[in-house]
Amino acid sequence: LQFMNFWFGSFLFGGYLIPESDLYWPLKLFYYIMPYGYYVRSTMYTLFQDTDFDGDLTSDQALDELNLVFPVVKNNDTVGQDIAILLAIGAVY
């Protein structure tokens, strides 16, 4: 049961459903300590960067379009930073 609570909190406060800018300060703390947002941001960037799409869509445009729906998806290379943050979160937990 505790795993489900943690997973739901990570999904809710990880920036996937609610963007960081819409969170108030006490809840914004969960945005920074939950690992899901860092994982999704790096994974989506890694998957879509340098991907060939049919038509005129580039990988940068695809990431920008995904950012409109899912605010955690960025068109910035933060993979190294996200890995360091995930390691720090893992060390603290």
Side-chain angles (χ1 to χ4, degrees):
L1 184 61
Q2 185 60 27
F3 171 75
M4 291 300 291
N5 287 332
F6 182 78
W7 181 83
F8 180 74
S10 292
F11 191 70
L12 182 63
F13 296 113
Y16 195 72
L17 293 176
I18 303 171
E20 177 192 6
S21 59
D22 288 348
L23 293 173
Y24 294 107
W25 169 240
L27 299 176
K28 194 176 281 197
L29 179 65
F30 292 115
Y31 175 83
Y32 293 117
I33 65 171
M34 295 291 183
Y36 188 70
Y38 303 109
Y39 159 74
V40 168
R41 180 172 55 191
S42 293
T43 302
M44 296 300 278
Y45 180 81
T46 304
L47 287 175
F48 281 98
Q49 191 59 30
D50 299 327
T51 301
D52 295 329
F53 295 98
D54 293 334
D56 295 333
L57 187 66
T58 65
S59 60
D60 291 335
Q61 291 171 335
L63 286 169
D64 290 336
E65 294 295 324
L66 280 172
N67 182 278
L68 297 175
V69 179
F70 305 112
V72 73
V73 178
K74 306 279 187 204
N75 193 10
N76 302 341
D77 185 8
T78 59
V79 175
Q81 176 186 353
D82 291 340
I83 290 173
I85 291 172
L86 287 171
L87 290 173
I89 288 173
V92 171
Y93 283 146

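What you see is a predicted model, and the numbers here were worked out from it, not measured in a lab.
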query: Can you list the residues that meet the ring pair (Phe, Tyr, Trp, His ring centres under 6.0 Å) rule with Phe6, with sequence neighbours excluded?
result: Tyr93

task: Return the set of residues passing ring pair (Phe, Tyr, Trp, His ring centres under 6.0 Å) with Tyr24 (not counting sequence neighbours), or none when no residue passes.
output: none

Side chain to side chain contact (heavy atoms under 4.5 Å, CB included) partners of Phe13, counting only residues at least two apart: Leu23, Leu27, Phe30

- prompt: CZ/Phe11 to CD1/Ile18 distance, rounded to the nearest 0.5 angstrom?
  reply: 10.5 Å

- line: Applied to residues 13-33, the salt bridge (Lys or Arg N to Asp or Glu O under 4.0 Å) test, sequence neighbours excluded, yields none

message: Considering only residues two or more places apart or on different chains, which pairs with a residue in residues 44-54 satisfy salt bridge (Lys or Arg N to Asp or Glu O under 4.0 Å)?
response: none

Enumerate donor-acceptor pairs with a distance under 3.5 Å from any side-chain N or O in residues 60-70 to protein atoms, sequence neighbours excluded.
from	atom 1	to	atom 2	distance (Å)
Gln61	OE1	Thr58	N	3.0
Asn67	ND2	Val73	O	2.6

- request: Identify the two heavy atoms, one from Tyr45 and one from Asn76, that lie closest to each other, and give their separation to 0.1 Å.
  value: CD1-O, 3.6 Å

- request: Check whether Val92 and Leu86 end up in the same hydrophobic cluster, where Ile, Leu, Val, Met, Phe, Trp and Tyr are linked by side-chain heavy atoms less than 4.5 Å apart.
  value: no

field: With Thr51 via side-chain hydrogen bond (donor to acceptor under 3.5 Å, both in side chains) - residues at least two apart
entry: none

message: Once side chain to side chain donor-acceptor pair (under 3.5 Å) is applied, what residue pairs with a partner in residues 5-15 remain, sequence neighbours excluded?
response: none

Residues that Ser42 engages under side-chain hydrogen bond (donor to acceptor under 3.5 Å, both in side chains), provided they are two or more places apart: Asp82

field: With sequence neighbours excluded, residues passing side chain to side chain contact (heavy atoms under 4.5 Å, CB included) with Thr46
entry: Val79

query: Where do Tyr32 and Tyr38 come nearest, in terms of heavy atoms and distance?
result: O-OH, 3.1 Å

task: List in chain and number order the residues that pass side chain to side chain contact (heavy atoms under 4.5 Å, CB included) with Ser59, two or more places apart in sequence or in another chain; answer none if no residue qualifies.
output: Gln49, Phe53

